[in-house]
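To start, the structure under review is shown below, and the notes come after it.
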2 protein chains.
Amino acid sequence: MEIKQRIIEESFQMFVRFGIRSVTMDDIAKSMGVSKKTIYEHFEHKEDLLCQCINYHKSLQDTRINEIKKSSENVLETIYKIMYEAVSNMQKVNPAFLADLRKYHYKLCEELMPRHEQQQVEEALALFEQGVADGIFRDDIDLKIAAIVLNKQLKTMSDENVFVAENISVIDAFKTIILIFTRGMATTKGLEIIDRILKQNES
Amino acid sequence: MEIKQRIIEESFQMFVRFGIRSVTMDDIAKSMGVSKKTIYEHFEHKEDLLCQCINYHKSLQDTRINEIKKSSENVLETIYKIMYEAVSNMQKVNPAFLADLRKYHYKLCEELMPRHEQQQVEEALALFEQGVADGIFRDDIDLKIAAIVLNKQLKTMSDENVFVAENISVIDAFKTIILIFTRGMATTKGLEIIDRILKQNES
DNA sequence: TAAAAACTTATAAAACGAAAAAAGTTTTCA
DNA sequence: TGAAAACTTTTTTCGTTTTATAAGTTTTTA
């Protein structure tokens, strides 16, 4: 693999695991067994490296979402799988990563986050609309609001430690939310599919 | 009305409208046409006044919730009415109020907030349990998680300005959330009641 | 030639102090 | 007697300086 790509993948892992601030360019160089000069030959500055890390991660995510879509039988299955992966990924991210991004890379954050969030909302909206078209979701719901709310809900869930205090695992909380949410939007047909999926997962 | 009670009510209104920091003891005295000495005869210090304001507000809220419970035909009606009032009240609170509480009255905040939040969750939980007992809500849901999530959801909604950016009114967003949420927990019987309530509100 | 080390520079956090504002107290006066 | 004004004290804010750390650059060396 090309050295530049290797630097992106390695430093992304480090940023996600320890945060941005606490991973220095020296750390990255040492961890990869290269000199800082080599890194600076491929990236203008740390923020440039960080930006390329994030873009790389996004492209990975997009690929994964398309894979899931292809392998799912209906919108509900797609939603469950995507959400499960999203929450699993969220749990791996050190809170310092987002905190550092906001604090020390405010400009980059302001540039990337709104677009990223909007993409996520649009992704959810498209799935919901597909669900309505397939007779799985009710047609009397404001899908846009639903998409925004679900997005916010999952974000809040990972940020806060409400569930930790109550001895509830994030994954259980997440399952409950998604289940209530999809049932709340589902038609009779949708409810049947949900029950079928639940039974499958039990066994 | 007793002067002490009048001070509590007036200063609470001012705190909620403008925040805590920007309402000085001089402001309160001037607004009430009394001297600061009079205020300090009834309250040890500003934080004491603030604390009594909050407790007063809580007792009002409790009374209101009991009224709503009595006047409702079923749990769903109770939930809708309580939530509607809660959101209406939230909108009236200047964000500076909560910000000041956290920043300048951290100790008081740490003392009151967790208890307050827990009470709200328990209130929701009791309603959900009643709903299950009445055959309105499904019995296969983790009610505790549901209660926490709904609570958090409404809190997030008022804090963030997601909906403002999307030109969605807070009240519309709130209605969508509550509708999806209650439908997601409802049995067939519950769904029928929800539809009936919706029809009533249309006309 | 590229890693390692040594270096300079930029940034951020911490420490400090002055100034401002408001809490809390005392005095004045109607 | 209690409102209004004047006062002291405490707290917060704001600007400055110092210090430390890590970014970014250059030099050394294997």
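In this text the structure is predicted, and so the values were computed from the model without any measurement. Lettering of chains follows the sequences in order, A, B, ..., and the numbering in each one begins at 1.
In this structure, R21(B) atom CZ and dA23(C) atom C1' are separated by 10 Å, rounded to whole Å. Distance H105(A) NE2 to dT11(C) C1': 12 Å, rounded to the nearest Å. In this structure, the CD atom of E47(B) is 9 Å from the P atom of dG24(C), given to the nearest Å. F43(B) has its CZ atom 15 Å from the P atom of dA23(C), to the nearest Å. Atom CE in M32(A) sits roughly 15 Å away from atom P in dA2(C) (whole-Å rounding). Nucleotide dA12(C) holds its C1' atom 7 Å from the OH atom of Y104(A), rounded to whole Å. Straight-line distance from the CG atom of L50(B) to the P atom of dA23(C): 12 Å, rounded to whole Å. For the pair Y40(B) OH and dA22(C) P, the interatomic distance rounds to 12 Å; values are reported in whole Å.
Side chain to side chain, E85(B) and N89(B) fail the donor-acceptor criterion of an N or O pair below 3.5 Å. Side-chain atoms of E9(B) and Q5(B) form a donor-acceptor pair, as typed in the model, at a separation below 3.5 Å. Defined by atom type and a distance below 3.5 Å, a donor-acceptor pair is present between the side-chain atoms of D27(B) and T24(B).
Residue T38(A) places at least one side-chain N or O closer than 4.0 Å to OP1 or OP2 of dA3(C). Regarding contacts with the backbone of dA22(C), every side-chain N or O of T24(B) stays at 4.0 angstrom or more from both OP1 and OP2.
By the 30° and 60° cut-offs, the orientation of the rings of Y84(B) relative to F174(B) is tilted.
Between K103(B) and G33(B), the residue anchored nearer the 5' end of DNA chain D, judged by the nucleotide with its closest heavy atom, is G33(B). Of the two residues near DNA chain C, K37(B) and D26(A), the one whose nearest nucleotide lies more 5' is D26(A).
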Do K81(B) and E77(B) pass the salt bridge (Lys or Arg N to Asp or Glu O under 4.0 Å) test, and can you show the C-alpha distance, the side-chain angles, and the key distance before you say yes or no?
-> CA-CA 6 Å; K81(B) 285 181 184 167; E77(B) 213 181 300; 3.1 Å; yes
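Once you apply a 4.0 Å limit to the heavy atoms of chain B, the touched nucleotides of DNA chain D run 5' to 3' over dA3(D) to dT13(D).
Annotation: side chain of T182(B) is in contact with side chain of I194(B) (closest heavy-atom distance under 4.5 Å).
If you run salt bridge (Lys or Arg N to Asp or Glu O under 4.0 Å) between E123(B) and each of R64(B), K69(B), K58(B), only K69(B) comes through.
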